[in-house]
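The chains referred to below are lettered A, B, ... by the order of the sequence lines, with proteins before strands, and numbering in each begins at 1.
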Amino acid sequence: MAEKITLGKALNHGLRRALENDPKVVIMGEDVGKLGGVFRITDGLQKDFGEDRVIDTPLAEAGIVGTAVGLAIRGYRPVCEIQFDGFVFPAYNQIVAQVAKMFYRSKGKVRVPMVIRIPFGGGIGAVEHHSESPEAYFAHTPGLKVVTCSNPADAYTMIQQAIASDDPVVFFEPKRRYWEKGDVDLDAPLSGAYPLHAARVARPGSDATLLAYGPMVRVALDAAAAAAEDGRDLEVIDLRTLSPVDFPTIFESVKRTGRAVVVHEAPGNLGMGAELAAKITEECFYSLEAPVLRVTGYDIPYPAARSEEEYLPDLDRLLDAVDRSFGW
Amino acid sequence: MAKGERKAGAVPPSGGGTDAPAGGFVQLLTPDGEHLGSVTTADGTTYSVDFTDEEYRGLYRDLVTVRRLDAEATALQRQGELGLWASLLGQEAAQVGSGRALRPQDMAFPTYREHGVLYCRGIDPIMPFGLFRGVDQGGWDANEHKFNSYTIVIGSQTLHATGYAMGVTMDGKTGSPDGEAVIAYFGDGATSQGEVNESFVWSGVFNAPIVFFCQNNQYAISEPLERQTRIPLYNRAAGYGFPGIRIDGNDVLASYAVTRAALDNARNGQGPTLIEAYTYRMGAHTSSDDPTRYRIASEVESWKAKDPIARVKAFLTKQKLAGDDFFAEVDEGAKQLALSLRERVLAMPDPQPVTMFDHVYPNGSPELDEQRQAFTEYHASFEGSGH
Ligand SMILES: Cc1ncc(C[n+]2csc(CCOP(=O)(O)OP(=O)(O)O)c2C)c(N)n1
């Protein structure tokens with residue numbers, strides 16, 4: 001039966017179900033136990049599953065991920081929580097040099113099935129290092145799978161799928177959407193769920209394709225609703241998976257609409273949007289009515305909170321890009 | 001002893017024999033081949049070994065064999081057959097002693113120099129040659145042999161070992177003599193890395209069944225020990241709440257006895273130990289290094305006098321446990337093994353290029369499948385064209 005819950009609560013339920021279903025799943029991170037994480041995503045889990053399953057760790061990100069590698073080699077399925085996007089870098093070495101390569105290095109003999117959860121993105125008025133979008137660093141690394149959810153229903157299933165997967169998964173959580181509610185069927189079996197590595201058409205349309213993921217899906221949907229009032233029928237694709245990108249779904253859409261606008265919070269330079277634009281150009285060149293346009297964060301360090309409304313792509317900037325696309 | 005009862009902090013070694021560093025170290029076999037029987041450290045722990053004659057001879061055979069394999073690898077590198085080699089010359093006792101101290105159920109996490117430990121784990125000694133020749137990146141089965149992949153980024157493996165050890169505890173495999181223990185190898189330079197310090201913190205906090213085995217070979221490429229630390233490395237353990245002990249790293253018996261005891265403590269639930277094996281890297285850091293730029297010949301000479309193999313030979317001779325026939329036979333066996341290894345290395349085929357797309361993801365990736373396909377077709381397009 002579907003319930004209306006927040007994205008944060010949906011993640012909590014998903015983690016709970018993973019802990020219930022597989023005794024090898026362990027959660028580890030700073031403050032994940034008694035406190036339930038700074039965003040309360042692991043709320044109540046240590047109480048119910050014990051300190052060996054939900055492990056409060058010392059304050060060291062390389063340690064969290066590095067020991068998780070050892071646990072995974074031992075046969076566990078660790079789910080690491082990195083407290084905020086900007087704090088993943090001390091663990092960066094472990095993630096890109098070890099987690100991503102164990103399987104390759106060992107010719108497939110050593111698996112490290114683990115999930116690294118990272119609340120990411122801005123819009124919550126935080127101080128430095130609490131609002132970044134580092135997804136491209138990870139999507140650029142072969143050996144890692146990178147996904148992000150945008151709504152409670154996806155949050156609930158995708159976190160479980162990520163944990164069940166033998167691939168190491170970097171799981172980006174749109175922190176500004178933690179409190180948004182949506183319908184979630186808590187009893188739905190995972191086996192029949194929408195695939196983890198597939199994009200989803202969040203809103204069908206015929207005039208142009210908006211490509212978004214994580215926190216920007218809401219912005220794209222709002223933009224499509226506003227454009228509809230002007231008589232433009234925009235399709236919104238929620239990428240969901242950043243590595244691998246589900247290109248067939250994207251190509252099908254762009255070939256049909258002839259226009260594509262990508263939106264993300266991360267700086268544009270060498271970001272996901274650059275990759276998407278290049279691939280779409282390669283594959284859909286003869287169908288395009290306009291170049292693929294990007295609406296992104298600027299190429300600056302994430303600014304102070306009082307400026308973030310200007311930094312973050314919003315409805316107006318996105319609609320402006322749509323206008324430009326149609327003006328071509 | 002129950003958890004927590006064990007005294008944490010540095011365990012000043014007993015003093016040690018000839019040429020011990022300030023603060024001493026545990027030594028059971030002197031450079032002259034004198035067997036000290038047993039040593040008691042300041043905390044009252046007594047270390048000894050009780051080998052049969054055959055076992056003493058076996059240790060000697062191990063030492064000679066790994067040195068010979070290492071020499072063969074160095075030669076192969078010079079002849080252009082290996083891209084690089086990280087030699088263990090001088091560190092045989094530290095590796096064979098600790099490697100033989102491992103019980104079958106114990107898990108080891110090496111760096112890139114632990115060919116002697118690899119040999120002790122019963123892995124085909126050809127395995128690291130693939131890595132250094134460039135035909136693969138290792139590729140042995142870590143779980144089958146209880147010996148993880150070589151780790152080249154300095155220090156990272158100490159965290160893997162710690163996590164694995166936490167898993168041992170979670171599996172209920174500690175607290176008894178047949179429990180499991182874990183050993184992590186690293187160098188003196190590695191002790192400066194944040195990740196090694198994190199692994200000490202973690203292991204202490206979680207009372208992990210782990211032995212940290214630091215081979216202090218005095219240099220991290222060109223940087224001498226003084227560039228890493230102002231105190232003896234084994235003293236660092238005290239700051240993390242577990243014992244540290246220094247051994248004569250060129251003494252295979254001390255290496256065995258202390259590692260065996262530390263592993264047993266770990267498997268019995270008494271938590272981590274840091275062992276500093278005080279030794280010396282006799283050769284270059286790797287085959288691309290020129291050690292004459294940063295160390296003097298007399299220093300190397302002084303360490304030659306402490307050779308880990310010569311002293312075992314002296315002991316076996318003095319005790320009449322072995323004679324010339326035995327030594328010749330060991331040399332010949334090692335030589336034959338090295339020669340067959342050479343043949344096998346030379347015959348190592350280059351991998352089929354398309355296999356570079358294998359094993360990126362357990363569940364595969366559509367993007368990669370496409371690239372593999374394109375790669376295959378591209379190469380096929382040259383067939384018969386004389387390319
Ligand atoms: C993180 C990192 N930095 C630098 C290097 C290059 N490097 C390879 S070995 C080495 C020295 C390591 O010294 P030590 O830990 O004492 O081990 P040893 O080689 O002496 O056994 C360095 C700097 C590396 N492999 N990893």
Chain A contacts, top residue of [options] (heavy-atom pairs, under 4.5 Å):
| options | result |
| --- | --- |
| B/S365, B/G364, B/S156, B/P366 | B/S156 |
| B/E195, B/M166, B/M107, B/E144 | B/E195 |
| B/A161, B/A142, B/G163 | B/G163 |

What part of [X] gets closer than 4.5 Å to chain A, counting heavy atoms only: side chain, backbone, both or neither?
| X | value |
| --- | --- |
| B/S199 | neither |
| B/Y150 | backbone |
| B/E180 | side chain |
| B/V182 | neither |
| B/T151 | side chain |

Can you name the nearest heavy-atom pair linking [X] to [Y], along with the distance?
| X | Y | value |
| --- | --- | --- |
| A/G63 | B/E198 | N-OE1, 2.5 Å |
| B/Y361 | A/F103 | C-CE2, 3.5 Å |
| A/D56 | B/F206 | O-CZ, 3.8 Å |

Largest heavy-atom contact set with chain B, pairs under 4.5 Å, which of [options]:
| options | value |
| --- | --- |
| A/K107, A/R53, A/R74 | A/R74 |
| A/V110, A/D52, A/L144, A/V112 | A/L144 |
| A/A97, A/S243, A/G143, A/A72 | A/G143 |

Walk me through it: do A/I73 and B/N143 pass the test side-chain contact (heavy atoms from CB on, under 4.5 Å)? CA-CA 8 Å; A/I73 293 173; B/N143 290 310; 3.8 Å; yes
Listing request: all side chain to side chain donor-acceptor pair (under 3.5 Å) pairs with a residue in residues 157-172 of chain A, at least two apart in sequence or in separate chains.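 Counting only pairs at least two positions apart or across chains, the side chain to side chain donor-acceptor pair (under 3.5 Å) contacts touching residues 157-172 of chain A are A/R17-A/Q160, A/R77-A/D166, A/R111-A/D166, A/K145-A/D167, A/S165-B/N363, A/D167-B/N363.
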Kindly indicate whether the side chain of [X], heavy atoms from C-beta on, has any atom under 4.5 Å from the side chain of [Y].
| X | Y | value |
| --- | --- | --- |
| B/W202 | A/T57 | yes |
| B/F357 | A/P142 | no |
| A/R105 | B/D136 | no |

Chain B contact via [X] - side chain, backbone, both or neither, heavy atoms under 4.5 Å:
| X | answer |
| --- | --- |
| A/Y76 | side chain |
| A/A60 | both |
| A/N93 | side chain |
| A/V65 | neither |
| A/I64 | both |

Strictly distance-based, threshold 3.5 Å: is any side-chain N or O of [X] a donor or acceptor partner for the main-chain N or O of [Y]?
| X | Y | value |
| --- | --- | --- |
| A/K109 | B/G139 | yes |
| B/Q137 | A/Y104 | no |
| B/Y164 | A/L71 | no |

Scan side-chain atoms only and decide if B/Q157 and A/Q98 contain a donor-acceptor pair under the 3.5 Å cut-off.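 Side-chain D/A pair, B/Q157 to A/Q98: absent.
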More than 12 heavy atoms from other groups under 6.0 Å of [atom1] on [X]:
| X | atom1 | value |
| --- | --- | --- |
| B/H145 | NE2 | yes |
| A/F247 | CZ | yes |
| B/E370 | CD | no |
| A/K101 | NZ | no |

Determine whether B/V153 and A/Q94 satisfy the following criterion, side-chain contact (heavy atoms from CB on, under 4.5 Å), listing intermediate values before the conclusion. CA-CA 9 Å; B/V153 181; A/Q94 282 289 340; over 6 Å; no
Using the salt bridge (charged side-chain N to carboxylate O under 4.0 Å, His left out) criterion, which residues pair with A/K24? Sequence neighbours excluded.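 Only B/D171 meet the salt bridge (charged side-chain N to carboxylate O under 4.0 Å, His left out) criterion with A/K24.
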If you measure from the Lys or Arg side-chain nitrogens to the Asp or Glu carboxylate oxygens, is any gap between B/E367 and A/K279 under 4.0 Å?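 No, B/E367 and A/K279 are not salt-bridged.
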